[in-house]
Amino acid sequence: MPNTIETLPPNAISEPAFASNRHSFQTDDARLKPIADKVLGGERLSFDEGVTLYRSGDILAIGWLANHVRERMHGNVAYFNVNRHINPTNVCVAACRLCAFGRKKDTAGAYTMALEEAWQTAASGYTEAVTEFHIVGGLHPDLPFQYFLDLIRGLKERFPQVHLKAFTMVEVAFLAKRAKLSIEDTLIKMKEAGVDSLPGGGAEIFADRVRHIICDHKIDGDQWLDTARLAHKVGLRSNATMLYGHVENEEDRVDHLIRLRAVQDDTGGFQTYIPLAFHPDNTALEHLPRTTGLLDIKQIAIGRLMLDNFSHVKAYWQMMSPKIAQIALRFGADDIDGTVIEEKIYHDAGATTPQGMRREELIRLIREAGREPVERDTMYRPVTRTENSFTVAV
Ligand code: SF4
């Protein structure tokens, strides 16, 4: 596969010698047998095969296959990190129907952090020696691009060893427009200020039909993918998400995965795939039901099977609950995200999970699932800790 990123370090993949599947592949769904042959032979799955996986009820067979791939890539290791979320503003010019976080300027609950406040917020979560700040927010109509560059520069000065994972493709495209810069120049300036990588949010579902319903105020699917390509081109890795469990169908989900896979073939710049369960509370779509545990698990497993060129699949515990994330470690996931400390976006949408989790709790969840916990930094390098500091293996 061509990889146009010369400057990015390779993703770490651990020893693949572990295999916990104790029996051979079994299913009572005949449609899964040819798919299993391809997975076991290391062949890529097609669009139709992806749809078949979604339509099959044999979750144990699908999970067996996803677990096989996950252990082929990562052995028994499961990753977590110690991070903190910072959401500098919830003021947003868009009004996505999927969103419970964004507020119009000067309305109840709207906030924008002064730079000093944002830096203090970062410092308040620092006692556990955080290795990553995850920074995303709304599309503020008045904040200049310089505010975001100063925010990043100030964080880098104060916390030089912390990885700054900042700004979704949607925010990058919006800030480029406000600054009257090309997207590539915007990304270069962000990188110069201290952005180390980009999170994967705002991808939602790429299909236009769905986007018109859930988020017609933000960039379309092609623009999201093009922005990701440019980020990878300038040497910034990113994650990639899919928001599922609203008005999309199986074809929309597979289309989304295949479009991500195509960009990854060209750039190699996606680090982790993160399926995000839709939380309807306090959104314009709150009449929709919440996702089920079965759909959450399927999402992880099918993502692992379709995205053969992604190193990591994350079961984001804040979105799918610690209980489901723990099970997902046997269904294709190799990562459960981090301590987070204070999560706003999904809690505004009714998430009932804790706002953060201590490092020891994450380790317990992983161990209980029979996996070997490895604390990672954002680039999946193992982190070694002493009492209040850390070193990263390079
Ligand atoms: S999803 Fe993002 S862009 Fe859309 S309204 Fe919410 S904060 Fe704004």
Side-chain angles (χ1 to χ4, degrees), residues 85-113 118 121 133-145 147-148 151 165-179 183 186 190 198-228 231 238-248 252 256 274-286 288 290-291 316 318-319 340 342-351:
H85 284 204
I86 303 170
N87 306 119
T89 181
N90 66 351
V91 173
C92 191
V93 291
C96 302
R97 297 184 79 211
L98 62 84
C99 183
F101 171 73
R103 301 276 191 285
K104 292 288 169 236
K105 208 173 107 181
D106 301 326
T107 59
Y111 74 86
T112 300
M113 293 179 184
T121 301
F133 291 138
H134 169 105
I135 305 157
V136 297
L139 311 178
H140 197 295
D142 304 326
L143 281 180
F145 185 36
Y147 165 93
F148 296 94
L151 170 70
K165 176 156 68 77
F167 311 130
T168 66
M169 307 307 162
V170 177
E171 291 171 274
V172 171
F174 179 77
L175 290 171
K177 212 177 222 177
R178 273 193 54 71
I183 288 181
T186 304
M190 287 175 168
L198 274 66
E204 322 306 5
I205 286 276
F206 294 138
D208 287 342
R209 178 190 66 78
V210 176
R211 247 178 145 75
H212 285 317
I213 299 169
I214 64 170
C215 61
D216 61 347
H217 295 160
K218 64 169 69 161
I219 56 174
D220 66 24
D222 284 336
Q223 288 169 315
W224 191 98
L225 290 162
D226 288 345
T227 306
S238 77
N239 290 335
T241 59
M242 169 164 66
L243 187 78
Y244 64 92
H246 39 84
V247 298
E248 87 288 1
D252 297 323
H256 188 95
I274 312 160
L276 300 175
F278 176 58
H279 283 243
D281 292 3
N282 306 319
T283 75
L285 298 170
E286 65 183 345
L288 295 175
R290 284 174 174 239
T291 64
Y316 181 31
Q318 286 269 1
M319 285 292 270
V340 177
E342 186 186 11
E343 201 288 324
K344 289 184 194 297
I345 294 176
Y346 303 111
H347 287 84
D348 282 354

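Note that this is a predicted model, so its numbers are computed, not measured. All ligand and atom numbering here is 1-based and tracks the order in the structure. The first residue in the sequence is number 1, and the count goes up from there. Side chains included, hydrogens not; waters and symmetry mates left out as well; all remaining heavy atoms used.
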Exercise. Are the charged groups of R211 and D220 less than 4.0 angstrom apart, N to O?
Worked result: no
Exercise. Are R290 and D281 within salt-bridge range, i.e. N to O under 4.0 Å?
Worked result: yes
Exercise. With D226, which residues qualify under side chain to side chain donor-acceptor pair (under 3.5 Å), at least two apart?
Worked result: none
Problem set entry | Residue list, ring pair (Phe, Tyr, Trp, His ring centres under 6.0 Å) with F167, at least two apart or on another chain | F148
For this session: Sequence neighbours left out, what passes side chain to side chain donor-acceptor pair (under 3.5 Å) with H134? Give chain and number order.
Result: K165
Problem set entry | Protein N, O or S atoms under 2.8 Å from atom 8 (Fe) of ligand 1 | 1
Seminar exercise, completed: Output for pair (E204 CD, L276 CG), nearest 0.5 Å, gives 8.0 Å
